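Notes follow once the structure below has been shown.
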Amino acid sequence: MRDARGDVKRPIGLRLWLSGGWLILLVLAALLAPWIAPQDPLAQDLFTSRLPPFWEAGAEPGYWLGSDSLGRDVLSRIIHGARLALIVALVAGTLTCVIGTALGLIAGYYRGWPDRIISRFVDIWMAFPPVLFAILLIAVLGTGLTSIIIAIVVIDWTRFARVIRAEAMTQGAMDYVASAQVAGRKRMGTMLTEILPNVLPTIIALLTLEMGIAVIVEAILSFVNLSISTDSPTWGGMISEGRTSVHQAWWVLVFPLITLFLTVLSFSQLGEGLKDRFDPVLR
Amino acid sequence: MYQVRDLRLSFPDMTRKPLFGAAPRIEILRGLSFDVSKGAVLGIVGGSGSGKSTLGRTMLRLLEPTGGSITFNGRDITHLEEDALRPMRAQMQMIFQDPMSSLNPRRQVGGIIAGPLRVQGHDGIPAKVTEALDMVGLPRSFANRYPHELSGGQRQRVGIARAIALRPEFILADEIVSGLDVSSQAQVLNLLQELVRELGLTLAFISHDMSVIRRLCDQIIVLYQGEIVEQAQTADLFAAPQAEYTRTLLDAIPLPDPDQVWA
Amino acid sequence: MNAFLEIRNLCVTLKGGAPILRNVSLSVSAGQVHGLVGESGAGKSMIGKAVLGTLPRALAVTRGEIWLDGVDLQTLRPAERRRRIGASAALIPQDPLTALNPARRIGPQITRRLVDILGWSRADAEARALELLAEVQIPDPARVMRSYPHELSGGMRQRILIAAAFAAEPKLIIADEPTTALDVTVQKQILRLIADMQTRHGTALLFVTHDLGVVSKVCDTLSVLYAGKVVEEAQMRRFFMHPIHPYSAALLAATPSYKDPEGSLTPVPQSVIDQVEREVTDHDRRAGL
Amino acid sequence: MTLLRNILMRLLSTAITLFGVAVIIFVVIRVVPGNPIAMMLPPGATEADIARLQAQYGFDKSIFEQFMIWLRGVVQGDFGTSISLRQPVSSLVLNRLPATLELSIVALLIAVVIGGTMALTGTRWRNTRKEGAIDVSTGMALSIPDFLWGLVLILLFGVLWPVFHISGRISPALDIDFTTNFYLFEALLRLRFDVLGDLIGHMFMPALALAIPLSAIIAQLLKQSLKETMHLDYVTLSRTHGYGEHHVITRDALPNAILPTLTLVGVQFTFLIGGTVIIERLFSYEGLGNMAIDAVINRDLPLIQGIVILFALIFTLVNLAVDMLYVVLNPRLRHA
């Protein structure tokens, strides 16, 4: 019989290029920060305070995106801030993904009492306002990189657990799972070799989304002065300072904000793009 | 090969569960007894809601019966644990109704057919996969295709190849042609008939279509609302249907024949 | 005989080029049942959809005329076309489970169009609906009018859909695989009901199905489709006795029949597929596609 | 019978969840290093002073005893006394609650209006460039959390083109003598349009920041649900009856497409309420969330407990309300 579907090859989306490009740029900046940052990000100099960006009158060469009220170079701080942001994104994102996915798969595929326990914890977690929970955890754990990562994992594992549980339940009802049972495959084997590959696109999309969220959570914690110690530059800390002096020196807020905006957007678009790419089934 | 005695299966009806106490149960299978002898081709026929698919899945112990017994090759498998069933699984295989659901969309055809062989610890898997593809009449190159790249009839052949690759004694085919066009249906049925003969298979064939059953099977069980209403040799059943329901069923089938009395 | 529906050289293509229907012509007159037969993907449902203006958005009519009750629908503006179809044609859909709005009671679903589109009074429309529900042998029509679809069985819903299709006394009814979702025993009742209603109301009926058995029970004439092309058009009895096109004969041979277990179930031979494919390619070349 | 049973089961489940929240919050905040009492006293306070205050707030007992005391109080409606503000937690929290509720509800309304409009427009022009544009914009709106939208709005409408207030809930100069703290609703009832205008001027930006991601979710879910419904046979049937596209979308598809969207929007609404914590901080809006952050910074244990429990209660109530609404809107369940 004739089939009108034909072989459809989808082009690599523009958004995959754009988001991937921005993130690669960011990784490079983070790796090479000490060599490419024009100034020392911590150097305070009251003579160079609140310099405007390069195209405005009164700009100083070497301070391309201006300086803050303590005379620190905005561009250098953004570049150094990328290090922390990316570490948080990668470590917290991956840990959250692994823990949440494992719990979601077990709950959704095994059902029964493991599901009841995990779902109950998800319910309880969903009743906490996440930002407040994070702030509270940092207050308890103390500020610092490890605390931030732990806080993100603790508040956000439910995002994976909920979605993956639902997906695993859908996949578990498919006959290819029954077929694996007929073949004599063990439940754990079926979960890892049959269900997991089908859930993978969703996991990838959620993972990159989570990386973006991790960056935001770090920024929010910096914003309420609960992130890393005040002397290492963070985007959230810069935004917090910029927010207070926005009427005097808008650039202190605008440039870190644009960076954060693009980064979060890129992470989520990368995930969506990859999800489409990795799906062989065009239904 | 199979001895089924007073087989019962019911599910609790959670939608009508009282606040305290057990939920009322919905009875799907209400005491079925029959045998499947070695080499037989048994047709299981019934309308929607007759319990025919549930019966199939219970025979393969994908579901656990709530009453009665199932004996396979002399061994009682009614309440056997999955671990104990696993080695026996190589002898009983299943072909599913909807290949879009029963073939893992992320696996290539070769991997799908190799799956059960690998689980059961066979050697020389690539050769066996090729052999299975040959037997169901699919080109060997299909091993590297994904299920969504195949037509409906081809997908169902992959399902058959997966089931026969283990060389089981018994295969259960659950409505395997109901989603196919008549031309692919005829091909798949002819293929199945050939394989039964060549491999000496015992086959249980679940279908709602009397015409298909007649073509393929030598014994028939007619199910109606979870009970066996008639159980006979194919020729006898069509020559002189005993049960009222069987007669209604036969009378209702529109044959491709303008002279059929159909009123 | 003058035809209520006459389709001339209808071509439907996928936006972007691939042909779905290739120069289809057919006509159905009052009191006549015309079957559209073919395997999945042959385009048999698309003919009905093209007539009713419910083609999927990716498809478009590129050529041809659809004359309904003396008017070429293709020349009408969309709103006028919709109104005309609503007044003189109706559809009996395939799946009774999704063909009734789950959020509405049965009554309004039958009367709504009579009131909104045809301007009947509410009381008239309700009286008419009750009368029709009785005609399709639904017990206690007044209670059914107040029910929601989920409270009724599949066969019952299909009866309601049949009643709704005849509500406005349409001159043409298109039945798109109306019994495929039903058990054989229910199928028989529904098919006979459709046939009875059609005869009594003298409606032209276009009956889409993949089941040659069903065709032999309800149709007067039929068209066999392959890849969107009519390969044979025939009187029903003649078709089953002496199919002319080899593809038609092959389809008949592949259809199972419990009365003839040895003679049925021959797969369509590759030579026949090759021949019919060649005809389609020839047609496309002549049409300049 | 089933309905009653479902409601009872839900209430039981809600109670278990709230209890779990209480236990976790209790344990977490008592691991806090540092002594909250010491921060309250002037430098040079004696050990005895500290011990006396600790006994007053019960911090000298074991966690389990503290929990039982607290639980007994809660059952009687007593959530303890705030350490930093030295007032009963219940009255502090109830004073701030109206501000947060008003903000959340206004944000929800904005989200429903924007999201609903986009979903309907996208369905009307499906498979065209208009739908593509809507998909791109909802995709973007969804990727950026409320915190960033808040900052962007501050820059755009607070600094570049200052048309809205970016700080506070109401202008201090305004003379209000309202009986409740539901300023917005009371201003509406009393027809005090000057107050109303000022409130909206303050509230619009934080509400919009909260609403943007939710509106994108509503737009996506509802559009997808609408498009699926548009393929069902009853919609096709309605077309053949002669109804036009607009009627078919709004009258036939919409009522059934709303249902699957509703449950998901319920969960997302609780996320929105959770988002008020940081948005209130960002816009210096005097609500519950802003107070919560202060409470954490001041280590005000009783106040933190009270606020978190209140949030948890609101979340579970929202979910319960959504489930009820689902039953009311779904004839299949209504007549079961």
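Quick caveat: nothing in here was measured; it's all calculated off a predicted structure. Letters A, B, ... mirror the listed sequences (proteins, then strands); counts begin at 1.
If you measure heavy-atom distances from B:Gln93 to chain A, the contacts under 4.5 Å come from both the backbone and the side chain. Looking at B:Met92, only its backbone comes within 4.5 Å of chain A, counting heavy atoms on both sides. Only the backbone of B:Arg61 comes within contact range of chain A, with heavy atoms under 4.5 Å apart. Residue contact with chain A, scored on non-hydrogen atoms closer than 4.5 Å, involves the side chain of B:Leu60 exclusively.
With respect to B:Lys128 and B:Asp123, no salt bridge is recorded, no charged nitrogen being found less than 4.0 Å from a carboxylate O.
Looking at B:Arg57, its side chain never comes within 3.5 Å of a backbone N or O of B:Leu62 through a donor-acceptor pair.
Taking the ring centre of B:Phe72 as origin, the terminal cationic atom of B:Arg75 falls outside the region bounded by 6.0 Å and 45° from the ring axis. A:Arg187 forms a cation-pi arrangement with A:Tyr109, by the criterion of a distance under 6.0 Å to the ring centre and an angle within 45° of the ring axis.
Relative ring orientation between A:Trp125 and A:Phe128 is described as perpendicular, the plane-to-plane angle rising above 60° on a 0-90° scale split at 30° and 60°.
Comparing A:Leu200, A:Ile195, A:Asp175 by how many heavy-atom pairs each has under 4.5 Å with chain B, the most go to A:Asp175.
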